[in-house]
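For reference, the structure is listed below as structure tokens.
These numbers come from a predicted model, not from an experiment. Numbered from 1 within each chain, the chains take letters A, B, ... in sequence-line order.
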Number of protein chains: 2
Amino acid sequence: MSNSNPATIEDVARIAEVSIATVSRAIHTPEKVANSTRLKVSQAIAITGYTTNAMARSLRLGRSNMILVVAPDIGDPNFSNILVGLENEARSHGYGVLIGHTQNDAQRGLEYLKFLNSNQAAGLILFTGILPFGHQTMTARLPPSVGVFEPVFNGGIPYVGVDDTEGARKVVDLLLAEGHRKIAFIGDSRTRLAYSRRRMGYDAGLDAAGVPNDLRTIFEGDGTIESGRLAVEQLFMRDTLPTAFMCVNDQTAIGVMIGLGARGYDIPRDFSVTGFDDVPQASFMSPALTTIRQPRTLIGKHAMALLLELLSDGQPAETEILLRPDLVVRNSVAAPSRQWIKR
Amino acid sequence: MSNSNPATIEDVARIAEVSIATVSRAIHTPEKVANSTRLKVSQAIAITGYTTNAMARSLRLGRSNMILVVAPDIGDPNFSNILVGLENEARSHGYGVLIGHTQNDAQRGLEYLKFLNSNQAAGLILFTGILPFGHQTMTARLPPSVGVFEPVFNGGIPYVGVDDTEGARKVVDLLLAEGHRKIAFIGDSRTRLAYSRRRMGYDAGLDAAGVPNDLRTIFEGDGTIESGRLAVEQLFMRDTLPTAFMCVNDQTAIGVMIGLGARGYDIPRDFSVTGFDDVPQASFMSPALTTIRQPRTLIGKHAMALLLELLSDGQPAETEILLRPDLVVRNSVAAPSRQWIKR
DNA sequence: TTGTATGCGTTATCAT
DNA sequence: ATGATAACGCATACAA
């Protein structure tokens, strides 16, 4: 039925017995073409199975209707749901979504930068705390871009995410209300804005409760399960233990729970543990993890909406959209163990 | 430093005081250009920050150096590692990788089909059991394609994955060796080839051991955690219980373990549970899950290598590459409970 | 060794 | 309402 080569606009024009200009018009501005010819064209399109060559179109137009989403780690349990939010919003505005995976590798980032420089994508969503393109980016012109889930460190790029500081504050306040005073913060040493903001919430809560500095413990991890496990190993070598582990994210909390479990402790009886993100796994663990919910699809939706606005207006309506973080109380928090509280 | 518009080959040519043809040659066939001019050109490139417009190049060439990876569910815990294997192999051959996420939606699939029809990708990797493009695909010309992780049902497309039948066979044989006879298979009702192959391994093992049909139980699930949980609910309503749950994948096994745990049973003392895939989470659970390892990055590597071979030769060297599935023995399997064995 | 000119498939401008 | 044509940025056949 179809030739070996995909049909072009010329094939359609020939069959419909019109010019290629008319075919193009019949497709994009049908009101400017007579009913009779429009019919002929659409029949010809059906016969040939014509699909407009998006590449040629973009070359001519100087823009495309694809959005590139760049992520350093596509396995991040937060990524998939945010992506769905991004995609649904893009789609309802006639845009498609393509994903670039950099594996935290600048060379790979450059590849996607070339993609962008060829106008193969009209806009950019950054699921990463730093621009993933290496140093050349500083001078390079980026298309309209929006950061998501985590503020972009070195970009001055509009951002959509949850209010990390307030979320962390809600967690400490819960811990404080349960009677904890010695709360360790298992964090992330990388210069990630989202994590430092969560740390700010931790400090603010402790300040407000009048908890002195020497009761606070900070562990610099890297946000992985292994990092959480390592944290309890390290902390158990110190002379003074916390009664609660407040973790920068759920992955870390899972690691902490594994580490504590391996030492034979019961959560929450012996220690309380909290996370941040409400990753799917968080509700399946035992005990189920008390954490902060990320409104992931909503974040994606807002981020894409903001990007599309940028695409048409050129000006960002706002530079940062912070969504409300909800506390999800499950079973990993209880009053501090008597065993540790006095000592 | 740079103009508002990206530099074109003409900008480079003007500054280097040569023709655009020479610039093009200096880039792609440097041996065909004099040393002196080559130097001028590369200086001009440095000055302008020129990057070749990949879109225009592909339009002219009729092919691109991007590979599209299409996945229905990017959150699949198997996806990320396979992707890494795909990317590394592609990269070492000068190809880039772009990901399309269909969410199991044919309309979204069509979008990526248009992308392919515009020659914006030279080849296609399918991380999905069925062609995700709806019915139009039958007539559409696809670029060279390779299925990965799961055979493509309706395509006649070369495939790279683990030997599902043999893997499942290893699992039953372990269960049988532990003394189990009543082994339930918690499967997947969808017409997925990978799953039906695993089922074949189950049956083959039981046949070989002479386990009669009325001792076998099949539960048709859908491969999700929830499906595993549901399976134990259903099975407990029957009069006769298995001593082991052999699950079609790790997700299902996790659900089964959650369901069993909720009923107060201990694994593996009361029941044995096995999975398939060796998802990262499998080793973190308690008890750690006995399962079959998927050599994920290796699968990705082979699949991409096969695709690139297709791209140059046009003929697939082989139509199916089956990798060896290794049994990972952890703590979720033991001898059948006396409580259940006699009945 | 280098330059000129054509075409890849579109869309938009300008005529008609 | 429709058609001829230029241009988007590039690679290459053909000339020089």
Side-chain angles (χ1 to χ4, degrees), chain A residues 3-42 44-45 48-66 114-122, chain B residues 3-42 44-45 48-66 114-122:
Chain A
N3 294 331
S4 64
N5 293 335
T8 73
I9 200 171
E10 284 201 80
D11 299 324
V12 176
R14 194 178 327 109
I15 292 186
E17 295 177 307
V18 296
S19 74
I20 62 169
T22 300
V23 175
S24 181
R25 273 190 294 256
I27 295 172
H28 299 290
T29 52
E31 70 278 7
K32 287 189 173 182
V33 68
N35 284 331
S36 55
T37 45
R38 194 178 357 180
L39 184 63
K40 286 194 298 182
V41 170
S42 55
I45 288 179
T48 55
Y50 169 74
T51 296
T52 125
N53 183 316
M55 199 163 38
R57 177 170 214 268
S58 298
L59 179 61
R60 175 61 231 256
L61 258 34
R63 60 187 160 78
S64 90
N65 63 152
M66 285 283 174
K114 283 170 64 176
F115 188 80
L116 292 166
N117 275 340
S118 309
N119 291 315
Q120 294 188 82
Chain B
N3 293 331
S4 64
N5 292 336
T8 73
I9 199 172
E10 284 200 80
D11 299 325
V12 177
R14 196 177 326 111
I15 293 186
E17 295 177 308
V18 297
S19 74
I20 64 168
T22 300
V23 174
S24 180
R25 274 189 293 255
I27 295 173
H28 296 107
T29 52
E31 70 278 8
K32 289 189 172 182
V33 66
N35 284 330
S36 55
T37 44
R38 195 179 358 185
L39 184 63
K40 286 193 297 178
V41 169
S42 54
I45 288 180
T48 55
Y50 170 75
T51 295
T52 124
N53 184 316
M55 197 164 40
R57 177 168 214 268
S58 298
L59 179 62
R60 172 65 229 258
L61 257 35
R63 62 188 159 78
S64 90
N65 64 152
M66 285 284 173
K114 284 169 63 177
F115 188 81
L116 292 166
N117 275 339
S118 308
N119 291 315
Q120 295 189 78

Atom-pair distance ([atom1] on [X]; [atom2] on [N]), nearest Å:
{"X": "His28(A)", "N": "dT13(C)", "atom1": "NE2", "atom2": "C1'", "answer": "16 Å"}
{"X": "Asn117(A)", "N": "dC8(D)", "atom1": "CG", "atom2": "C1'", "answer": "16 Å"}
{"X": "Met55(A)", "N": "dG9(D)", "atom1": "CE", "atom2": "C1'", "answer": "12 Å"}
{"X": "Asn5(B)", "N": "dG9(D)", "atom1": "CG", "atom2": "C1'", "answer": "13 Å"}
{"X": "Leu59(B)", "N": "dA7(D)", "atom1": "CG", "atom2": "P", "answer": "17 Å"}
{"X": "Gln120(A)", "N": "dG9(D)", "atom1": "CD", "atom2": "P", "answer": "14 Å"}
{"X": "Arg57(B)", "N": "dC8(D)", "atom1": "CZ", "atom2": "C1'", "answer": "17 Å"}
{"X": "Ile9(A)", "N": "dC8(C)", "atom1": "CD1", "atom2": "C1'", "answer": "14 Å"}

If you look at every heavy atom in [X] and [Y], which pair is closest and at what distance?
{"X": "Lys40(B)", "Y": "Glu17(B)", "value": "NZ-O, 4.3 Å"}
{"X": "Ser19(A)", "Y": "Ala13(A)", "value": "C-CB, 3.8 Å"}
{"X": "Pro30(B)", "Y": "Ala26(B)", "value": "CB-O, 3.6 Å"}

(request) Could you check Thr52(A) against Ile9(A) for side chain to side chain contact (heavy atoms under 4.5 Å, CB included), going step by step and ending with a plain yes or no? (result) CA-CA 7 Å; Thr52(A) 125; Ile9(A) 200 171; over 6 Å; no

(request) With sequence neighbours left out, write down each residue that passes side chain to side chain donor-acceptor pair (under 3.5 Å) with Arg14(A), or none if nothing qualifies. (result) Asp11(A)

(request) List in chain and number order the residues that pass side chain to side chain donor-acceptor pair (under 3.5 Å) with Ser42(B), two or more places apart in sequence or in another chain; answer none if no residue qualifies. (result) none

Report all interatomic pairs (protein N or O, nucleotide N or O of nucleotides 1-4 of chain D) with separations under 3.5 Å.
{"from": "dT2(D)", "atom 1": "OP1", "to": "Thr37(A)", "atom 2": "OG1", "distance (Å)": "3.1"}
{"from": "dT2(D)", "atom 1": "OP2", "to": "Ala34(A)", "atom 2": "N", "distance (Å)": "2.8"}
{"from": "dT2(D)", "atom 1": "OP2", "to": "Thr37(A)", "atom 2": "OG1", "distance (Å)": "3.0"}
{"from": "dG3(D)", "atom 1": "OP2", "to": "Ser19(A)", "atom 2": "N", "distance (Å)": "2.9"}
{"from": "dG3(D)", "atom 1": "OP2", "to": "Ser19(A)", "atom 2": "OG", "distance (Å)": "3.2"}
{"from": "dG3(D)", "atom 1": "OP2", "to": "Thr22(A)", "atom 2": "OG1", "distance (Å)": "2.5"}
{"from": "dG3(D)", "atom 1": "N7", "to": "Arg25(A)", "atom 2": "NH2", "distance (Å)": "2.8"}
{"from": "dG3(D)", "atom 1": "O6", "to": "Arg25(A)", "atom 2": "NH1", "distance (Å)": "3.1"}

What is the nucleic acid contact for [X], judged by heavy atoms within less than 4.0 Å: base, sugar-phosphate only, or nothing?
{"X": "Ser118(B)", "answer": "nothing"}
{"X": "Thr52(B)", "answer": "sugar-phosphate"}
{"X": "Thr51(A)", "answer": "sugar-phosphate"}

(request) Can you figure out which of dG9(C), dT10(C), dT12(D) approaches the side chain of Leu61(B) most closely? (result) dT12(D)

(message) Within the structure provided, determine whether Tyr50(B) and Ile27(B) are in side-chain contact (heavy-atom separation under 4.5 Å).
(response) yes

